[in-house]
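As the structure lists them, so they are numbered: ligands from 1, and atoms in each ligand from 1. Only heavy atoms go into these numbers, but all of them, side chains included; no hydrogens, no water, no symmetry mates. Nothing here was measured: the structure is a model prediction, and the numbers come from that model.
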Amino acid sequence: MSKSIKDMGWDELVPGAALFSFDQTVDGMIAEVQPEDRTYAETNSKNAYVGDWRVIKPVWNTELCIDCQNCWLYCPDTAIISRDKEMKGVDYDHCKGCGICVEVCPTNPKSLLMFNETEKNEIALTKWPEKKEKGEK
Ligand code: SF4
Ligand code: SF4
C-alpha cells in the first residue's frame, strides 16, 4: 500500500514534485474564498504546526498599527492574519520568523518587531522603542 503524503518525510518526495496547496478539482478563484472555507489539498501545511523552525518571532503592537496591510501582503508564509483589511495578528503555527513583516512595516516606531522566541509577548510589548526623530538612525 502506498504511503499517504502526510506520512512522508521531505527526503521521500520525488525531486521536483509539485505540492499543490488546494484541491485542483475545485473551480473558481481561491483568493476570493476565506481561508477557513478553502478546499485544502492533502499536501497543504494548514493543519501542520511548522512554527518550531523559528528562533525569533514577530510581536505585534496593536496600539501603533495603522492596518496598512503591508505585512499581510509581503509575508511569504501567509502567516499574518487579516480580516476585512484589519490586521488581526500573527499565526505562530506557521510563521518562520523571517522578519520580512517587520521590514515592511511603515510606522514609527514599527508595529511589528522581532523578539527572541522565548520572550513572552506581554514582556516584549514593555520593551518597545520610542518614536525616532527625523534623521535619527
Ligand atoms: S516573520 Fe516572516 S513568516 Fe513570520 S509573519 Fe513575519 S513575514 Fe510572515
Ligand atoms: S505593516 Fe505594520 S502598520 Fe501595516 S498592518 Fe502590518 S503591523 Fe500594521
Give a yes or no on whether [X] atom [atom1] has more than 12 heavy-atom contacts from other residues, nucleotides or ligands under 6.0 Å away.
{"X": "Lys88", "atom1": "NZ", "answer": "yes"}
{"X": "Asp11", "atom1": "CG", "answer": "yes"}
{"X": "Glu130", "atom1": "CD", "answer": "no"}

Residues 69-79 side chain polar contacts: donor-acceptor under 3.5 Å, at least two apart:
{"residue": "Gln69", "atom": "OE1", "partner": "Ser82", "partner atom": "OG", "Å": "2.5"}
{"residue": "Gln69", "atom": "NE2", "partner": "Asp67", "partner atom": "O", "Å": "3.4"}
{"residue": "Gln69", "atom": "NE2", "partner": "Lys85", "partner atom": "O", "Å": "3.1"}
{"residue": "Asn70", "atom": "ND2", "partner": "Val104", "partner atom": "O", "Å": "3.0"}
{"residue": "Asp77", "atom": "OD1", "partner": "Lys96", "partner atom": "NZ", "Å": "3.1"}
{"residue": "Asp77", "atom": "OD2", "partner": "Lys96", "partner atom": "NZ", "Å": "2.8"}

Polar protein atoms near atom 2 (Fe) of ligand 2 [N, O or S; cut-off under 2.8 Å]: Cys105 SG
With a cut-off of 4.0 Å, which atoms of ligand 1 are near a heavy atom of [X]?
{"X": "Cys95", "answer": "1 (S), 3 (S), 4 (Fe), 5 (S)"}
{"X": "Ile80", "answer": "5 (S)"}
{"X": "Gly97", "answer": "1 (S), 4 (Fe)"}

Structural part of Asp91 in contact with ligand 1, heavy atom criterion under 4.0 angstrom: neither
Proximity winner for atom 2 (Fe) of ligand 1, if only heavy atoms of Cys75, Cys98, Pro76 are counted: Cys98
Protein heavy-atom partner closest to atom 3 (S) of ligand 1 - residue, atom, separation in Å: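 Going atom by atom, the protein heavy atom closest to atom 3 (S) of ligand 1 ends up being Lys96 N, 3.5 Å.
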Looking only at atom types and distance, does a side-chain atom of [X] sit under 3.5 Å from a main-chain N or O of [Y], one as donor and one as acceptor?
{"X": "Thr107", "Y": "Cys65", "value": "no"}
{"X": "Arg83", "Y": "Gln34", "value": "no"}
{"X": "His94", "Y": "Ala48", "value": "yes"}

Residue pair Ile123, Phe115: steps toward the side chain to side chain contact (heavy atoms under 4.5 Å, CB included) verdict: CA-CA 10 Å; Ile123 306 294; Phe115 286 87; over 6 Å; no
Note, Pro106 side chain near Ile66 side chain (heavy atom, < 4.5 Å): yes
